[in-house]
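Some notes on the structure that comes next.
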Number of protein chains: 2
Amino acid sequence: MTKKDVAGATPPPRAKRLPRAVRERQILDAAVRVFSERGYHAASMDEVSDVAGISKPMIYAYLGSKEELFAACIQREATRLMEAIGGVVDVDLDPEEQLWRGVLAFFTFVGENRDSWQVLHRQAGTQGAPFAAELAEGRRRAVAMISALLDRAAGREGVGAFAEGRTEPLAAALTGAGEALAEWWLEHPEESPKAMARRLMNLSWMGFGNLVLGRAWSPEKSA
Amino acid sequence: MTKKDVAGATPPPRAKRLPRAVRERQILDAAVRVFSERGYHAASMDEVSDVAGISKPMIYAYLGSKEELFAACIQREATRLMEAIGGVVDVDLDPEEQLWRGVLAFFTFVGENRDSWQVLHRQAGTQGAPFAAELAEGRRRAVAMISALLDRAAGREGVGAFAEGRTEPLAAALTGAGEALAEWWLEHPEESPKAMARRLMNLSWMGFGNLVLGRAWSPEKSA
DNA sequence: AGGCTTACCTACTGATGAGTAAGACTACTT
DNA sequence: AAGTAGTCTTACTCATCAGTAGGTAAGCCT
């Protein structure tokens, strides 16, 4: 009479024993899902443990406090995103081509990993918490990457064009535009990653000035 | 000996009797400050009441629940922002000029009302709460305004250029870029509103394609 | 078999914070 | 002066969670 006698509950009352590494991954997966749809504060550790199919103390034993858990999520997902983008950007290429590839990789990633994306994006404006460091750090890496790209672009053309060499704010603006487009995408899921990437190129590479004149950007042309 | 004897506290122990309208404004002011620096969840009603120099039940009596209070903040500040921008955009003007003025008004507002701005921006990605409606609504208004501007721009030049007539996502991207720049501005407060507005025009009107070639945007030229 | 480690659990504590009950003070009416 | 309407307070209740104490069971060595 030790166990329950009503029996038959779909998830086994006592979870199967699994090695730590596996459980840690499961917990992180669950945490990403919960944090992404509730946000940091509204998410509860109880819900994370439910979704993970494990009891709460295990989370504390393996991943530490709520903040540490969240930081771990941020770090893992940020790394995945950065690798997805970094993987397609070849430094020897034409900057325009690099930008196109990077932007396309970004939207592809977001399309295939909504939760990963949202957990990074939804809490973006949070400061005052220790995990703000992780957030800011991830963002800084992204901005630095784009900023470097723009610097190379300026260099290749032999022009120090970018407003007194300040490409960093422009890179920040570009990421902001990307985030906003990704957000818009959530309400228009019928769009393809390519179409989204194209929009961002139109805005950021061509600018409204050109668009108004009927000149649009397309991936087919070279220069 | 009724009051505190350590004395010197700026807000009197028992608040002076004031008409409801005045108190409501004070409470809203305090709420905007607290929400802007803590975010919705981390903010507590006790802190709001402290900052407002009044006791908690007054807030509930006048402004309702925490959610209603927050919604009221959003609505008031969103309206102020929209009016600041709407006030300088003259529909008869050149679209480029309109965009410039609107963008400049935006950064001017943000520079002078950091709290108002942050309370709107920091919670932007929150969904699932009733006040998400207010947030989304405010954003929709802003995007619609810019989108209409772009449509007029396309119309004036006689071109249906904007990627199959979809100016709305581009407008969304532009607001995202503006938000990201405003964020960047917080870490570089030495910049002027004009310099910030110029950056956004460079990105959105000229595009990187032009910037790379040494063509930058400036408010002095006309076309 | 007995012992040891690691996975795993139920059932609590303690703090924080939203929201309220019940009444006190002030000022304006009549 | 006595009523009454509106301002303002102290001092609670009650729910929600983060985090933990203390213990059970499963595998793995000898």
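When reading the values below, keep in mind they use all heavy atoms of this one structure, side chains included, and skip hydrogens, waters and symmetry mates. Within every chain, numbering begins at 1; the chains are lettered A, B, ... in the order of the sequence lines, protein sequences first and strands thereafter.
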Handout entry: Expected output: side-chain A/Arg101 to main-chain A/Val89 donor-acceptor under 3.5 Å
Key = no
Problem - Any side-chain heavy-atom pair of B/Glu179 and B/Trp117 under 4.5 Å - result: yes
Problem - Selection residues 57-72 of chain B - residue pairs positive for salt bridge (Lys or Arg N to Asp or Glu O under 4.0 Å), sequence neighbours left out - result: none
Handout entry: All side-chain contact (heavy atoms from CB on, under 4.5 Å) counterparts of B/Gln26, not counting sequence neighbours
Key = B/Leu18, B/Val22, B/Arg23
Exercise for the section: Scan for salt bridge (Lys or Arg N to Asp or Glu O under 4.0 Å) pairs involving residues 45-63 of chain A, sequence neighbours excluded, and state none if there are none. Expected result: A/Arg38-A/Glu47, A/Asp46-A/Lys56
Handout entry: Separation of C/dG19 P from B/Asp46 CG (nearest whole Å)
Key = 11 Å
Exercise for the section: Quick one: label A/Ala43 by what it contacts on the DNA or RNA (base, sugar-phosphate, nothing), any heavy atom closer than 4.0 Å. Expected result: sugar-phosphate
Practice task
Give me the residues of residues 25-32 of chain A where at least one heavy atom lies under 4.0 Å from an atom of DNA chain C, by number, or none.
Solution key: none
Handout entry: Distance, rounded to the nearest Å, where B/Glu24 contributes CD and D/dT7 contributes P
Key = 9 Å
Practice task
Starting at atom NZ of A/Lys56, determine the distance to atom P of C/dC12, rounded to an integer number of angstrom.
Solution key: 14 Å
Problem - Interatomic distance, A/Met45 CE vs C/dT16 C1' [rounded to whole Å] - result: 17 Å
Problem - side chain to side chain contact (heavy atoms under 4.5 Å, CB included) between B/Met145 and B/Thr175, worked out - result: CA-CA 11 Å; B/Met145 185 169 158; B/Thr175 63; over 6 Å; no
Exercise for the section: Would you mind reporting whether B/Ile27 and B/Leu69 have side-chain heavy atoms less than 4.5 Å apart? Expected result: yes
Handout entry: Contact under 4.0 Å: A/Arg23 side-chain N or O vs C/dC8 OP1/OP2
Key = yes
Fill in the blank from the handout: For A/Glu24, the side-chain contact (heavy atoms from CB on, under 4.5 Å) test, sequence neighbours excluded, returns A/Arg20, A/Tyr62, A/Leu63
Problem - Presence of B/Arg20 side-chain N/O under 4.0 Å of D/dC8 phosphate oxygens OP1/OP2 - result: no
Exercise for the section: For the helix from C/dA1-D/dT30 to C/dT30-D/dA1, measure the angle between the helix axis at one end and the axis at the other, each built from five pairs, rounding to 10°. Expected result: 10°
Handout entry: Interatomic distance where CD1 belongs to A/Ile54 and P belongs to D/dT24 [whole Å]
Key = 20 Å
Handout entry: Atom pair distance, as rounded to whole Å: NE2 in B/His41 and P in D/dC17
Key = 10 Å
Completion exercise
By side chain to side chain donor-acceptor pair (under 3.5 Å), A/Glu83 pairs with (sequence neighbours left out) none
Below 3.5 Å between N/O atoms, which protein atoms pair up with nucleotides 26-29 of chain C? Just atom names and distances, please.
from   : atom 1 : to      : atom 2 : distance (Å)
C/dT26 : O2     : B/Arg17 : NH2    : 3.2

Practice task
List for me each residue that meets side-chain contact (heavy atoms from CB on, under 4.5 Å) alongside B/Ala180, sequence neighbours excluded, and say none if there are none.
Solution key: none
Exercise for the section: Kindly check if the number of other-residue, nucleotide or ligand heavy atoms within 6.0 Å of CZ (B/Arg25) is above 12? Expected result: no
Handout entry: Under 3.5 Å donor-acceptor, B/Trp217 side chain and B/Arg198 backbone
Key = no
Practice task
Check DNA chain C against residues 57-70 of chain B and give the residues with a non-hydrogen atom under 4.0 Å, in numerical order.
Solution key: B/Pro57, B/Tyr60, B/Ser65, B/Lys66
Handout entry: With sequence neighbours excluded, residues passing side-chain contact (heavy atoms from CB on, under 4.5 Å) with B/Ser116
Key = B/Glu77, B/Arg80, B/Phe109, B/Asn113
Handout entry: Nearest-angstrom distance from the residue atom CZ of B/Phe35 to C1' of C/dA18
Key = 12 Å
Practice task
Could you tell me whether A/Ser44 contacts a base, only the sugar-phosphate backbone, or nothing, with contacts defined as non-hydrogen atoms closer than 4.0 Å?
Solution key: sugar-phosphate
Practice task
Kindly write out the residues that satisfy ring-ring contact (aromatic ring centres under 6.0 Å, His included) with B/Phe35, not counting sequence neighbours, or none if the list is empty.
Solution key: B/Tyr40, B/Phe70
